[in-house]
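Read through the structure below, which is laid out as structure tokens, and then see the notes.
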Amino acid sequence: MGGSRTYPYGSTSAVRAHVLAALGVLKLATADQMHRLMAPGHKDNKAFRNAALDLARHGLAVSEGYARDGNKLWNLTPLGLDAAAEVLGRPEGEMGGTARGAARSGAPHAMAVNETVIAITRTPATATRPVPRQQPAPTPTATEQQPALGLVREAPGMGWIGSWSTEVPLSLPTSRGNRAGVRADAVLQAPEEGLPVLFVEVDNCTESADTLAAKFEKYLRYFRLKSKNPLGSESPVWRTQYPSTGREGHPPVVVVFNPGTRTGPLALKNRMNTVMELTRLVWSGSYHGAGGGYSAEERDGYYDYADAIPLFFTTLDRLQTSGPRTAVWWRCGHGQWETLPDALANPDDHDAWYARDEQRRRQRDEESERQHQEWAAEREGWAQKPDPALDPEPIPPCERCKGPITGPLGYDLEFAPPEDGRHCPACRTDLRQYPTLREALFGRRPRSK
């Protein structure tokens, strides 16, 4: 496409806006990176190279060196940074610096940060070639629908260029009055994706594990920093710049390892394990034994993550190959690769313990109710049974002979004296007193009292 006197390289306003937005966020990038981040549907990066040249002609962009792969590096001038703020709709105070002089060394770390942003964002490729107007054709069936020629369907990403910020300073007050803290390589804010704010650190595996682990102590001090609002109550300082995560604890921090060809798989695994152990106090939380039952099997507890940083590990090649929505995230303490929503969850926090305790309480209530029902049914069964016949009281023996009071078998009871309840018939017969003649004639005289 031929150029004009104003834009001799023939760039369009849309592509120039893409370049301004990309460099406004990334600070330093190649035309190929801007092409893959902003409009991967373009056939190649020629349109972005022409747009950068046209912006340089107007004093908005400048190239001061080359990346280690030989591609020219571009960054914005102060005037270009103001133009990028207009394109992104951001205040000029949030745009950061212009990265002047960084291109002279090849900027390997900045290139890795750019590749991380591209791998997570994964801007969908859309066809950009104009299509002439035609009569509406029948809608193709599902089997006939094909992706546009030259375009490859990739796993979806998260956010867009406006969701990112790079080289973000997180300042801490010191006793000397100046401010010292940590500078986040990138910050992703994509609430439309259901994500909290993510702080991203890119590690090229060129510094020691101790140096990398020390950064997270600074992150923790920054997240603990509080300020008073006009009402007098305290709130975290980071909440004045970023929205609440909606989760317990501090915002998550992601470490993207980029070993390249310098570090093998075993050395990378050892490096991850070393960093995880060195930062255990940062991400592990504090354990609280909360009981939960009467038996040893029901003793339970939970971890409090109110003062813990969710620390995630991943690798650049995993993000580039599978995308950010797959199981490419390793949260310290979980022990497996997970998707980002699963990695953000806390399966052993207070809420999870409360749910387990409620389940145990319901089981105890159900068991108690079942026992009460069984006891009630048993009592009902007892009430319906007839009373058992009472056993006759034992008959006492004869007081005189100690034999059965009813007498021996075969004894004729006809001539025995009447029963007295104390002696058997034989003893009653023996004890019988026959009357004298006088008693027989006149009867027995009652004894005087």
Side-chain angles (χ1 to χ4, degrees), residues 22-23 25-30 32-34 36-37 64-75 96-97 99-122 157 164-170 181-188 198-219 252-279 282-283 309 311-324 328-332 337:
L23 293 179
V25 172
L26 302 180
K27 305 297 189 295
L28 189 71
T30 65
D32 177 66
Q33 289 176 332
M34 291 186 286
R36 288 184 286 122
L37 175 61
E64 298 178 335
Y66 293 84
R68 294 186 177 181
D69 59 2
N71 289 316
K72 183 179 289 189
L73 290 171
W74 294 93
N75 61 283
R100 291 187 62 87
R104 297 170 186 173
S105 62
H109 184 261
M111 296 299 98
V113 173
N114 294 352
E115 294 298 333
T116 299
V117 173
I118 295 170
I120 294 178
T121 306
R122 302 176 81 90
W164 289 94
S165 301
T166 61
E167 296 297 320
V168 181
L170 308 177
V182 64
R183 183 180 294 270
D185 291 337
V187 178
L188 172 62
L198 291 179
F199 293 85
V200 180
E201 288 290 326
V202 179
D203 177 41
N204 280 345
C205 301
T206 56
E207 58 187 5
S208 66
D210 294 337
T211 303
L212 177 61
K215 292 183 179 180
F216 304 107
E217 293 290 342
K218 296 181 179 180
Y219 269 106
V253 179
V254 177
V255 183
V256 181
F257 292 91
N258 178 35
T261 59
R262 299 172 299 276
T263 306
L266 182 58
L268 177 60
K269 181 179 179 180
N270 293 335
R271 181 177 180 84
M272 289 182 175
N273 289 332
T274 301
V275 175
M276 183 169 60
E277 289 300 323
L278 291 174
T279 58
V282 172
W283 54 261
I309 297 177
L311 185 58
F312 300 158
F313 290 167
T314 188
T315 59
L316 182 57
D317 61 337
R318 287 177 181 269
L319 291 173
Q320 291 174 332
T321 302
S322 304
V328 297
W329 309 94
W330 182 286
R331 178 172 175 177
C332 295
W337 294 101

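None of these values were measured; they are calculated from a predicted model.
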If you look at every heavy atom in [X] and [Y], which pair is closest and at what distance?
| X | Y | answer |
| --- | --- | --- |
| T279 | A213 | CG2-CB, 3.7 Å |
| L319 | P324 | CD2-CA, 4.1 Å |
| E201 | A184 | OE2-CA, 3.4 Å |
| L268 | C205 | CD1-SG, 4.3 Å |
| E207 | K215 | OE2-NZ, 3.6 Å |
| L37 | V117 | CD1-CG1, 4.2 Å |

Any chance you could measure [X], atom [atom1], to [Y], atom [atom2], to the nearest 0.5 Å?
| X | Y | atom1 | atom2 | result |
| --- | --- | --- | --- | --- |
| N114 | L28 | CG | CG | 7.0 Å |
| I120 | L198 | CD1 | CG | 7.5 Å |
| Y219 | L311 | OH | CG | 10.5 Å |
| E64 | N75 | CD | CG | 5.0 Å |
| F257 | L316 | CZ | CG | 12.5 Å |
| F199 | F312 | CZ | CZ | 13.0 Å |

Given side chains that start at C-beta, do those of W329 and V254 come closer than 4.5 Å, heavy atoms only?
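Touching, per the 4.5 Å side-chain cut-off.
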Do T116 and V200 make a side-chain contact, defined as non-hydrogen atoms from C-beta onward lying under 4.5 Å apart?
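The answer is yes, as the side chains (C-beta and beyond) meet within the 4.5 Å cut-off.
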Between D317 and T315, do the side chains contain a donor N or O and an acceptor N or O under 3.5 Å apart?
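The criterion, which ignores hydrogens and geometry beyond distance, is satisfied for D317 and T315.
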Applying the ring pair (Phe, Tyr, Trp, His ring centres under 6.0 Å) criterion to W330, which one of W283, W337, F313 satisfies it?
W337
Taking the side chain from D185 and the backbone from V202, do they hold a donor-acceptor pair closer than 3.5 Å?
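Yes, because the side chain of D185 sits within donor-acceptor range (under 3.5 Å) of the backbone of V202.
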Show, in sequence, the C-alpha distance, side-chain angles and deciding distance for E277 and N273, and conclude whether the side-chain contact (heavy atoms from CB on, under 4.5 Å) test is met.
CA-CA 6 Å; E277 289 300 323; N273 289 332; 5.6 Å; no
Any salt bridge linking R36 with E115? Criterion: basic side-chain nitrogen under 4.0 Å from a carboxylate oxygen.
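Yes, this pair counts.
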One pair to check against salt bridge (charged side-chain N to carboxylate O under 4.0 Å, His left out): K27 and E167. What are the steps and the verdict?
CA-CA 9 Å; K27 305 297 189 295; E167 296 297 320; over 6 Å; no
With side-chain contact (heavy atoms from CB on, under 4.5 Å) as the criterion, how do L73 and M111 come out once you've worked through the C-alpha distance, each side chain's angles and the decisive distance to 0.1 Å?
CA-CA 10 Å; L73 290 171; M111 296 299 98; 3.4 Å; yes
